[in-house]
S.K.: 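Dropping the structure in here first, questions after.
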Amino acid sequence: MKSYVILISGRGSNMQSLIDAKLPGRCAAVISNRPEAAGLAWAAERGVPTVVVDHKAFPDRDAFDAALAAEIERHGPDLVLLAGFMRVLGRAFVERFEGRMLNIHPSLLPAFPGLHTHRSVLEAGIRIHGCTVHFVTASLDSGPVVVQAAVPVLQDDSESALAARVLAQEHIVYPQAARWFLEDRLSLVQGRVMLAGETSGNGTALRSPQG
Ligand code: GRF
């Protein structure tokens, strides 16, 4: 059976949606760079091994990245899922896991990389927002797109209302992308996302690469 690890830094709602999705693979570990991450307790209660690799315990990013990579490799996962993991990862780390590491970002990339995406969307006055699952590459919040979901921006939206609308979609598309990967349908070939057996029947919310 294939396995995956999930990297978190905080709340862990995407982690919960991944574990609750009963993916065709074992969750080998949830790893956090913050000991106080709320998601750790949730995972532990469900019998998922949890590990803390505290970035504050390392002198620099390279040392942290090396320790994190070693911890991940110890579990031998087929797939690494960044789920609200709030540390920038260095090039060596990213290249080591290239093609088997996914991230979820709360915007329709390449628009609005970085933090505070919902606030930025409201300030920009645009009407469509959403989320993106992508393979992780060395540059922040970019990388070949696997799947996106779009939501409307309403005229009376607050940042928190918009965030909640996007998060509901995150909880759908991230397990979907992870499932594709664990079913051997999703891969990265020469920098391009390949999804075997893709159909166009997903309707309005989901858009896959060739759809
Ligand atoms: C999500 O919005 C995710 O897209 C972003 O950080 C947030 C994490 O939330 N990368 P959670 O910890 O999964 O609840």
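Whatever order the structure lists them in is the order used to number ligands and atoms, beginning at 1. Numbers for residues simply follow the sequence, beginning at 1.
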S.K.: Less than 4.0 angstrom from a charged side-chain N to a carboxylate O is my criterion; do E123 and R119 meet it?
M.R.: no
S.K.: May I ask you to list the atoms of ligand 1 that are less than 4.0 angstrom from any heavy atom of E170?
M.R.: 1 (C), 2 (O), 3 (C), 4 (O)
S.K.: At what distance is the nearest protein heavy atom to atom 11 (P) of ligand 1, and which residue and atom is it?
M.R.: S13 N, 3.4 Å
S.K.: Do D65 and R96 meet the salt-bridge criterion of a basic N to acidic O distance under 4.0 Å?
M.R.: no
S.K.: Do the side chain of N33 and the main chain of D54 share a donor and acceptor less than 3.5 angstrom apart?
M.R.: no
S.K.: Can an N or O of N103 be found at a distance shorter than 3.5 Å from an N or O of ligand 1?
M.R.: no
S.K.: Of all the non-hydrogen atoms in the protein, which one sits nearest to atom 9 (O) of ligand 1, and at what distance?
M.R.: R11 NH2, 3.1 Å
S.K.: Quick check for you: to the nearest 0.5 Å, what is the distance between Q176 atom CD and H171 atom NE2?
M.R.: 15.0 Å
S.K.: Which residue supplies the protein heavy atom nearest to atom 8 (C) of ligand 1, what is that atom called, and how far is it?
M.R.: G84 CA, 3.6 Å
S.K.: Look only at the side chain of H105 and the backbone of T132, and say whether a donor-acceptor pair between them is shorter than 3.5 Å.
M.R.: no
S.K.: Give the residue, atom name and distance (to 0.1 Å) of the protein heavy atom nearest atom 10 (N) of ligand 1.
M.R.: I104 O, 3.1 Å
S.K.: Does CZ in R91 sit with more than 12 non-hydrogen atoms of other residues, nucleotides or ligands closer than 6.0 Å?
M.R.: no
S.K.: Considering only protein heavy atoms, which is closest to atom 12 (O) of ligand 1, and at what distance to one decimal place?
M.R.: G12 N, 2.8 Å
S.K.: Please write down residue, atom name and distance for the protein heavy atom closest to atom 5 (C) of ligand 1.
M.R.: P106 CD, 3.8 Å
